[in-house]
Asker: 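The structure's right below; bear with me while I get my questions together.
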Amino acid sequence: MPTNASHAAIWKIVRTIPHGRVASYGQVARLAGLPRHARMVGAVLGLAPAAMKLPWYRVINSQGRIALPPNSPGFREQRKRLRDEGVIVVKGKIDLKKFGWKAGNDSPLLD
DNA sequence: CACCTGACCACGC
DNA sequence: TGCGTGGCCAGGT
């Protein structure tokens, strides 16, 4: 079942995102070997069983913004979890220069 | 098989 | 900084 294989590949990459860092849907898709499948990443994260304890909240869009609707339960949870890891979130936005996973961020301070 | 949806993305203004 | 637009693609109906 190829669908499941994709899910596994995506989850595997997400598990790899370092503590205190964030990656975009498109980035995760590419690293998972699934170029142009950013949308699928979002859908797949929602399917992940809670027991898996996947750091889904470390995945945001290419503009450094939380993709969930502002003020929605999911949005607030993602924001809280990120802040608990030291990620600065202002109006649902995050500075990718500082917290983006292997992006233009020079300071590997946290990992 | 056609059509719609969406936790996306790049580009233009 | 903030929309609109077109493109993308798996899934569901």
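It should be emphasised that the depicted structure is a prediction, and the values quoted were computed from it without experimental measurement. Reckoned from all heavy atoms, side chains included, excluding hydrogens, waters and symmetry mates.
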Asker: According to side chain to side chain donor-acceptor pair (under 3.5 Å), who are the partners of A:Arg83, at least two apart in sequence or on a separate chain?
Answerer: none
Asker: What residues from residues 29-40 of chain A pass a heavy-atom cutoff of under 4.0 Å to DNA chain C?
Answerer: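 The stretch gives A:Arg36, A:His37, A:Arg39, A:Met40 as the residues lying under 4.0 Å from the strand, ordered by number.
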Asker: Please list all pairs meeting side chain to side chain donor-acceptor pair (under 3.5 Å) that have one or both residues in residues 28-39 of chain A, counting only residues at least two apart or in different chains.
Answerer: none
Asker: So, the side chain of A:Gln27 versus the backbone of A:Val59: is there a donor-acceptor pair under 3.5 Å, distance only?
Answerer: no
Asker: Where is the tightest heavy-atom contact between A:Leu54 and A:Ala48, given as atom of each residue plus distance?
Answerer: CD2-CB, 3.9 Å
Asker: Would you please name every residue forming a side chain to side chain contact (heavy atoms under 4.5 Å, CB included) with A:Ile94, sequence neighbours left out?
Answerer: A:Val22, A:Ile60, A:Leu82, A:Val87, A:Val89, A:Phe99
Asker: Counting the atoms with a prime plus P, OP1 and OP2 as sugar-phosphate, which does A:Lys93 contact under 4.0 Å by heavy atoms, base, sugar-phosphate, or nothing?
Answerer: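 Counting heavy atoms under 4.0 Å across all strands, the contact made by A:Lys93 is with sugar-phosphate only.
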Asker: Kindly write out the residues that satisfy salt bridge (charged side-chain N to carboxylate O under 4.0 Å, His left out) with A:Lys93, not counting sequence neighbours, or none if the list is empty.
Answerer: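 In terms of salt bridge (charged side-chain N to carboxylate O under 4.0 Å, His left out), with neighbours along the sequence ignored, A:Lys93 is linked to no residue.
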Asker: If we only count heavy atoms from C-beta on, is the A:Trp101 to A:Pro18 side-chain gap below 4.5 Å?
Answerer: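 Sidechains of A:Pro18 and A:Trp101: in contact.
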Asker: On DNA chain B, reading 5' to 3', which nucleotide is the first and which the last to sit with an atom under 4.0 Å from a heavy atom of chain A, could you check?
Answerer: B:dG6 to B:dA10
Asker: Who pairs with A:Trp11 by ring pair (Phe, Tyr, Trp, His ring centres under 6.0 Å), at least two apart in sequence or on another chain?
Answerer: A:His7
Asker: With a strict under 4.0 Å distance from non-hydrogen atoms of chain A, what nucleotide opens and what nucleotide closes the contacted stretch of DNA chain C, reading 5' to 3'?
Answerer: C:dT1 to C:dG11
Asker: For residues A:Leu47 and A:Tyr25: do they belong to one hydrophobic cluster (side chain heavy atoms under 4.5 Å, members Ile, Leu, Val, Met, Phe, Trp, Tyr)?
Answerer: no
Asker: Residues in side chain to side chain donor-acceptor pair (under 3.5 Å) with A:Arg76, at least two apart?
Answerer: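 A:Arg76: side chain to side chain donor-acceptor pair (under 3.5 Å) contacts with A:Asn71.
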Asker: Provide the full list of side chain to side chain donor-acceptor pair (under 3.5 Å) pairs with a residue in residues 43-63 of chain A, sequence neighbours left out, each pair given once.
Answerer: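 Qualifying pairs, neighbours excluded: A:Tyr57-A:Glu85, A:Arg58-A:Glu85.
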Asker: Does anything in residues 55-67 of chain A come within less than 4.0 Å of DNA chain B? Heavy atoms only, and list the residues if so.
Answerer: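 Contacting residues: A:Trp56, A:Asn61, A:Ser62, A:Ala67.
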Asker: For A:Arg65, which residues count as a salt bridge (charged side-chain N to carboxylate O under 4.0 Å, His left out) partner, sequence neighbours excluded?
Answerer: none
